[in-house]
Each structure stands twice: as structure tokens, then as C-alpha cells.
Amino acid sequence: MTLPEIILKRRSIRRFLDRPVEREKIKACLEAARLAPSAENVQPWRFIVVDDAEVCQRLAEEAFSGIYRTSRFAARAPVLIVILACPGVVANKLGKAIQGTQYYLLDIGIAGEHLVLAATEMGLGSCWVGWFSKRGVRKVFGIPRKYDVVAIIALGYPDPTHLAPKRKKGLSDIVRYNNFDWK
Ligand SMILES: Cc1cc2nc3c(=O)[nH]c(=O)nc-3n(C[C@H](O)[C@H](O)[C@H](O)COP(=O)(O)O)c2cc1C
């Protein structure tokens, strides 16, 4: 597939087939994430791959309960990838203090998108999950404070009977050339 085809094909997948994902494919996704750019080349990302059903259940119970119940669909994914960030001191302290930008979150977004595009290319479906209990995830893995728990990516073979339509704004809504004329 060409890159435009992969980008067009990617969509959030919330129902997965009951089929395990090969470790080789998971590794290829992680390799794509590893090569992402990052501010000051800090490479703040760390990935906890959960492909053991028991660990997944424990994680789901802690991460997707109470107000986070709407994310329970992710518990049925064969793989959950928890993305942590260990923010770099210079890039992030300066970035946040002077510009108000948390570069490490941009870095994680880019790496995560590399990951899901690689997954798409290999026929896998994915969904970013930002709505989960960080405290619950910390508890399951004993993650210290210096790491931020930024996102979880659910990964697996998509159930073709449950594909949500893509609803995207048009270019005319989101692009201006050489001026700013939004309200
Ligand atoms: C940072 C981020 C966090 C997200 N968190 C969730 C989530 O907690 N639960 C969920 O169902 N989808 C989540 N999504 C998926 C979005 O709902 C989805 O990307 C959006 O509706 C557009 O659909 P598409 O991915 O199919 O293009 C998240 C996406 C991003 C990028």
C-alpha cells in the first residue's frame, strides 16, 4: 500500500476479531514508533505491550472502570499498548515555561501515529484510548511518578462487520493560504 492508501484506510477500530496478533507484527509497529521525530531528540516514549489475556483483564479492570467505563471496548482487543512518556528536562521545562507547549505530548502523538499507520499497513486495526484511569494503570505496573501515562492503543484484527464511518472536516474548513479568516 502507498502512504496515502494507508492514511485513507486507517480508522478507529473498536471491535476486534478473536485472533491473536503476531509478535512480529507488534514489533514492526513498535519499530515504526521508535523512528519518530521528537523535540531535542529526547525520544520520551516507553511502551508496555500487553498481549497476555490475564494482564489485559487486570489492566482493563483498573483503567476502564467507573467514569472510564466507555473505554471498556478496548479490553476486548487482543493487544493493548500503554504509551508512557519520560519527559526530557530541557525541552519540556523550557517549552512549557516559555511557550506553553508540552513537547513530549507532541512526540507521543507522532510516535503513536507512526505505530497505528504501520499497524494499518499490516491489516491490523487500532484505536487510540485517551479516556482511562492513569492511576489505575500506574497501580497495575507500579509506574513511578516521573513517567506520564499518556495513552493506550488498542490493537487487533478488525471485525469487518463493525466499521464506523469516517467523518472528517473538508479542507475548506481547515485550511487558509496566506491568511487567517476563521471566526
Ligand atoms: C489522543 C486521542 C485519544 C482518543 N481517545 C479515545 C477514547 O478514549 N475512546 C475512543 O473510543 N476513541 C478515542 N479516540 C479515537 C477518536 O475518537 C477517533 O480518532 C475520532 O473519532 C476520529 O475517527 P477515526 O480515528 O476513525 O478517523 C482518541 C483519539 C485520539 C487521537
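Source: prediction; values computed, not measured.
Here the closest non-hydrogen pair linking Asp107 and Pro37 is OD1-O, 4.3 Å. Taking both residues in full, the closest heavy atoms of Ala75 and Ala60 are given as CB-CB, 3.4 Å, listed atom of the first, atom of the second, then distance. A pairwise comparison of heavy atoms in Val175 and Tyr177 identifies CG1-CE1, 3.9 Å as the closest pair. Ala118 approaches Ala28 most closely through the heavy-atom pair CB-O, 4.3 Å. Between Ile13 and Gly125 the shortest heavy-atom distance is CG1-CA, 3.7 Å. Counting all heavy atoms, side chain and backbone alike, Leu155 lies closest to Ala77 at O-CB, 3.8 Å.
Without hydrogens or angle criteria, Ser133 side chain to Ala63 main chain gives no donor-acceptor distance under 3.5 Å. Judged by distance alone, with hydrogens and angles left aside, the side-chain atoms of Arg10 form no donor-acceptor pair with the main-chain N or O of Ser126 at under 3.5 Å. Without hydrogens or angle criteria, Arg138 side chain to Pro144 main chain gives a donor-acceptor distance under 3.5 Å. Looking only at distances, a side-chain donor or acceptor of Asp173 sits under 3.5 Å from a matching main-chain atom of Gly170. Remark: side-chain polar atoms of Ser71 are paired, donor with acceptor, to backbone N or O of Trp131 under 3.5 angstrom. Here the side chain of Trp182 pairs no donor or acceptor atom with the backbone of Arg176 at under 3.5 angstrom. In terms of modelled atom types and a separation under 3.5 Å, the side chain of Trp45 and the main chain of Tyr104 share no donor-acceptor contact. Checking side-chain atoms of Glu5 against main-chain N and O of Thr2 turns up a donor-acceptor pair under 3.5 Å.
Considering only heavy atoms from C-beta on, Ile81 stays 4.5 Å or farther from Ile48 through its side chain. The shortest side-chain heavy-atom distance between Thr70 and Phe132 does not fall under the 4.5 Å cut-off. With contacts defined as side-chain heavy-atom distances shorter than 4.5 Å, the pair Asn41/Gln43 qualifies. Proximity of Val129 to Phe64: side-chain heavy atoms (C-beta onward) are separated by under 4.5 Å at one or more points. The shortest distance between side-chain heavy atoms of Leu80 and Leu59 falls below 4.5 Å.
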With side chain to side chain contact (heavy atoms under 4.5 Å, CB included) as the test, would you mind laying out the steps for Tyr103 and Val42 before giving the verdict? CA-CA 10 Å; Tyr103 290 117; Val42 166; over 6 Å; no
Pair Tyr157, Lys25 - check side chain to side chain donor-acceptor pair (under 3.5 Å), show working. CA-CA 11 Å; Tyr157 286 96; Lys25 288 195 175 178; 2.9 Å; yes
Please walk me through it: do His162 and Arg14 pass side chain to side chain contact (heavy atoms under 4.5 Å, CB included)? CA-CA 8 Å; His162 283 85; Arg14 298 182 180 82; over 6 Å; no
Side chain to side chain contact (heavy atoms under 4.5 Å, CB included) evaluation trace for Arg46 with Tyr147: CA-CA 9 Å; Arg46 302 291 183 272; Tyr147 291 88; 3.9 Å; yes
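Taking the charged nitrogens against the carboxylate oxygens, Arg34 and Glu31 do have a contact shorter than 4.0 Å, which makes a salt bridge. With salt bridges taken as basic N to acidic carboxylate O contacts below 4.0 Å, one links Asp148 and Lys134.
Applying the salt bridge (Lys or Arg N to Asp or Glu O under 4.0 Å) test to Arg23 and every residue at least two apart in sequence or in another chain returns Asp51. With sequence neighbours excluded, no residue forms a salt bridge (Lys or Arg N to Asp or Glu O under 4.0 Å) with Arg15. Legend: residues meeting salt bridge (Lys or Arg N to Asp or Glu O under 4.0 Å) with Asp18, ordered by chain and number and at least two apart, are absent.
Distance check, rounded to the nearest 0.5 Å: CD of Glu24 to NZ of Lys27 gives 5.5 Å.
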